[in-house]
Each structure stands twice: as structure tokens, then as C-alpha cells.
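Only one structure is covered here, and it is reproduced in the block below.
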Amino acid sequence: MIQMDGNLIIRNAAELVTVSGFAGKKGSAMADLGVVRNGAVVVERGTITRVGSTDEVLGGLDPARYSVIDATGKAVLPGFVDAHTHFVFGGFRAEEFSFRLRGMSYMEIMQRGGGIASSVEATRSTTKDQLIASGKKRLDRMLSFGVTTVEGKSGYGLDRETEIKQLEVMKVLDATHPIDIARTFLGAHAVPKEYRGDPDRYVDYLIRDVLPEIGRLNLAQFCDVFCEKGVFDLAQSRRLLDAARSFGLAPKLHADELTPLGGAELAAELGAVSADHLLYASEEGIARMAARDVVAVLLPATAFTLKEPYAPARSMIDRGCAVALATDFNPGSCFSESIPLIFALATLYMGMTPEEAVTACTLNGAAALGRAETIGSLDAGKQGDLIILEFPSYLFIPYHVGVNCVEKVVKRGKVVYDSETEPRRGSESCL
Ligand code: NIG
Ligand code: FE
């Protein structure tokens, strides 16, 4: 019998961490990882077909039809879903980071014309091919950390041409790189210099001239907005996200990141897929998000590098929210693709347990992208996206602090990264 592409058996896993489920897990359910000891998983033509103990699962299968990996002494988990990044951009902002280390705030830098505006200048003048090349490098690094699906935002163009360029770059990378990419239109990331002081007129421009084109070209699944004091207020955010919905883009928000503005409440009112950051979210806003099934996407590495307080993950989970964790990889507030850093901060500083952190980086990340039915857990019927650790338990991820534990990454049943044959990226200590 000929071995089919995307046919894979992984057997004898010390722990098969299934995270089993087809929707985001809320509150106490986040602790349930559905771990199977001496587990096995079967993938056929890229789709998971069997999951369970090695004895149960392998009965009646002809191993000659499959690639077989023996995972003795290793843990197997769903691939990580990084549900919030801004990974397509030109230029870097290392100097700005050094200003922040000397005491200047993120907003002060932005108000002086630096920050996002400087990435906008650089991205406008970078060619599509150059953005594809740098984007690929970043995705390669993410893959080595076990990320099999990533969300990417535009927002460094702030004009029709460059916003479309960023989204097209992601479309090309989605088709050519093993990582799947969910695309988000973030035209309302900042007010560009052409509309300085007039955010309403800029929102008018986005609604009239940009959104219809993004919708027509099917370039994004989501529309996001930086809803923040001094950037876009609640009314402007609501207006944009309502219009986006009419073009088929589901709402997301950068909410309550630097000030308590009521972003969490707005996310609940709009029935957004997710509200992200939430460092200053109110108790009321959190309760409303839980009631409306808005996923709280928390970005601890951003709070860490901005020296801001961490989002109240513990109280969100205790109030029944579905919490996801993501890197927020971007050239300004968080220049890091590191999943080990996210686990370290979430468990050591945000009161999340290792189990909750695993759910937050897998199934709940998938839920934040509206993909919980197809990725984020090891369940029959889902895409065969998974990772094999070099250690026997998921507990090693936070315990081996700041270090990458991922040995192999499997996408749709094929090994797409193997630390034993490729030089390991990002394995250096991160803290
Ligand atoms: O998620 N807050 C707005 N956007 C990004 C930062 C983007 C940048 O500084 O370039 C964030 O933190
Ligand atoms: Fe962000």
C-alpha cells in the first residue's frame, strides 16, 4: 500500500494533550486539557481521524500507509494559535525602545510623530516582495515556537494602497508558508498625517474608500480598531466596526490597553469576536464580555515591555471569560514572537495555571479567530496541526522558563519543522 501525503501516526506519547473541544473554553473549563497517557493520534490526508490511548487507536490500522513517529517520553499538543500579531511591516524601532527604557512613554513617542507613524513611513516605502521576504522569516521563527496558525493585521499603511499591500502580502504568505494566516484589516490603527487632528474624517475615508475594496477583494476576515484615548474613541470605533460588518468583516478591538475607556463594554455591545489587551478593562466590561462570548485576548509580552500592569486574567477566568494568549508581535510595543515568554509571564505574573495557559494558546486562540471548529485541539475531524515537545509533559513549557521546548511541528499531518534537522531558532533564554 502506498503511503499517502498527510497520513501520520504518532504513538506512545507520554501525554497526549487533546484540549478537546469545538468552541472556546470559558472560565473553569479552561483547566480541562483532556490529557491521555500513552496516547496516539492518527492523521489521514491532513485531518485527524483518531485520538486516544495507543492501544485503542492503532488497532486495525496498516502502519505501512502512514509516516510513524514514536513519541515515547514526549508530550504532544495541538499547534499554538497566535491570535494577535502585526507581523507585516517595514523598518524597525530599536531606538524608540531605548527611549522607552530611559523613561519616555509609548504615547509620548506616538504624540511626537514616532511610534506607529514611523512604521507607517517605512511600510509605505517597502516593496511587496521585501515585505514577503521579511514576513517569511518571522513566520519561520513562529513555526519553530510551535505556532501553526497566526493572525496578522494591516495597520502600517493607513492609506488604501498600503493597507491592501499588507493584506496581499499575508495572502501570498498564507498560500506559500506552512503557517495558516487569518487576516485582519486594522486601517484604524492610528490617524495618519494626512488626516492629523481629524479622526472622524479619516474614519469616513476608511468607510467610503477602503473598506469596500477590502470586502470586494476578500482580503480580510476581521476589522480591528485601536480604541484608545487620543486615537479612536468609542463612537468612531463603533461606526467603523458597524460599517465593516456590512462588508463581511467581523469586529475585533484593541480595547482598554492604556486607559479605561469602555472598550470591553463596546466589544460586548457589538458581539465582537474578541477584545484584545484589556489591561484597564472594567469589572462590568469583563462580565459583559463573558455573557456575550467575546474572547479576551491577552498580550502579556506587551504589558511587560511597556512596563504596564498585566491584564486581570485571574478575575476574567473566575468571572467566566474565555481567555486567549497571544504575542502581539509588532515593531513597537512588543518586538517578540516568543511563545515561551508568553507562558512565563502568564503563569508567573498573571495568576494563570499551566493548564489555562495551554488552553489560552490553543483552543481559545482558535476561538478568537472564529476557527475553534477546525483547529486548536486534537479531536477527530480537525486539521492535523500539532507539536511534539522534547519533554514528557506540557508542564515543562512554563517550567523550562523562557526556553523553547518544541521538538517537531506538524501541519496537516506533515512534519514542517524539526529541531533535530534544522538549527533551532529562538531557543535562547528569553527572560
Ligand atoms: O497592539 N496598540 C496598538 N497597536 C500595537 C502596537 C503597534 C506599534 O506600536 O507599532 C499594540 O500594542
Ligand atoms: Fe496589537
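No hydrogens, no waters, no symmetry mates; every other heavy atom, side chains included, goes into these values. For ligands, and for the atoms within them, numbers begin at 1 and follow the listed sequence. These numbers were taken from a predicted model, which means no experiment stands behind them.
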Report task. I would like to know whether Arg238 and Asp233 meet salt bridge (charged side-chain N to carboxylate O under 4.0 Å, His left out); could you show each step before the answer? Result -> CA-CA 9 Å; Arg238 184 185 289 111; Asp233 64 21; over 6 Å; no

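When each of Thr327, Asp276, Asp328 is paired with Thr302, the side chain to side chain donor-acceptor pair (under 3.5 Å) condition holds for Asp328 and for no other.
Between Lys193 and Glu121, at least one side-chain nitrogen of the basic residue sits less than 4.0 Å from a carboxylate oxygen of the acidic one, meeting the salt-bridge criterion.
In summary, Cys334 places no N/O/S atom under 2.8 Å from the Fe ion (ligand 2), failing the contact criterion. Under 2.8 Å from the Fe ion (ligand 2) lies no N/O/S atom of His277, from backbone or side chain alike.
Under the 4.0 angstrom criterion for non-hydrogen atoms, Met110 is not in contact with ligand 1. Residue contact annotation: Glu228 has no non-hydrogen atom under 4.0 Å from ligand 1.
A side-chain donor from one of Asp379 and Ser20 sits under 3.5 Å from a side-chain acceptor of the other. Checking Asp159 against Thr162 by side-chain atom types alone, a donor-acceptor pair falls below 3.5 Å. Neither side chain, Tyr205 nor Glu194, offers a donor N or O lying under 3.5 Å from an acceptor on the other. Between the side chains of Lys252 and Ser274, at least one donor N or O sits under 3.5 Å from an acceptor N or O.
Note on ring orientation: taking the six-membered ring where Trp is involved, the planes of Phe329 and Phe89 are tilted (angle from 30° to 60°).
Between the side chain of Ser419 and the backbone N or O of Glu407 there is at least one donor-acceptor pair closer than 3.5 Å.
Annotation: side chain of Ile116 is in contact with side chain of Val120 (closest heavy-atom distance under 4.5 Å).
For the Fe ion (ligand 2), the nearest N, O or S atom contributed by Asp328 is named OD1. For the Fe ion (ligand 2), the nearest N, O or S atom contributed by His254 is named NE2.
Residue Tyr156 approaches ligand 1 through these ligand atoms, each under 4.0 Å from one of its heavy atoms: 7 (C), 8 (C), 10 (O). Taking a cut-off of under 4.0 Å to the non-hydrogen atoms of His84, the atoms of ligand 1 that pass are 1 (O).
Contact annotation for Phe89 and ligand 1: no heavy atom of the residue comes within less than 4.0 Å of the ligand.
For atom 2 (N) of ligand 1, the nearest non-hydrogen atom of the protein is Glu257 OE1, 2.7 Å. Scanning the protein for heavy atoms near atom 4 (N) of ligand 1, the closest one is His189 NE2, 2.8 Å. Remark: minimum distance from atom 9 (O) of ligand 1 to any protein heavy atom is reached at Tyr106 OH, 2.5 Å. In terms of protein heavy-atom proximity, atom 11 (C) of ligand 1 is nearest to Asp328 OD2, 3.2 Å.
Here the angle centred on the Fe ion (ligand 2), running from NE2 of His86 over to NE2 of His84, is 100°, rounded to 10°.
Selection from Ala190, Ser333, Ala117 by nearest heavy atom to atom 12 (O) of ligand 1 gives Ser333.
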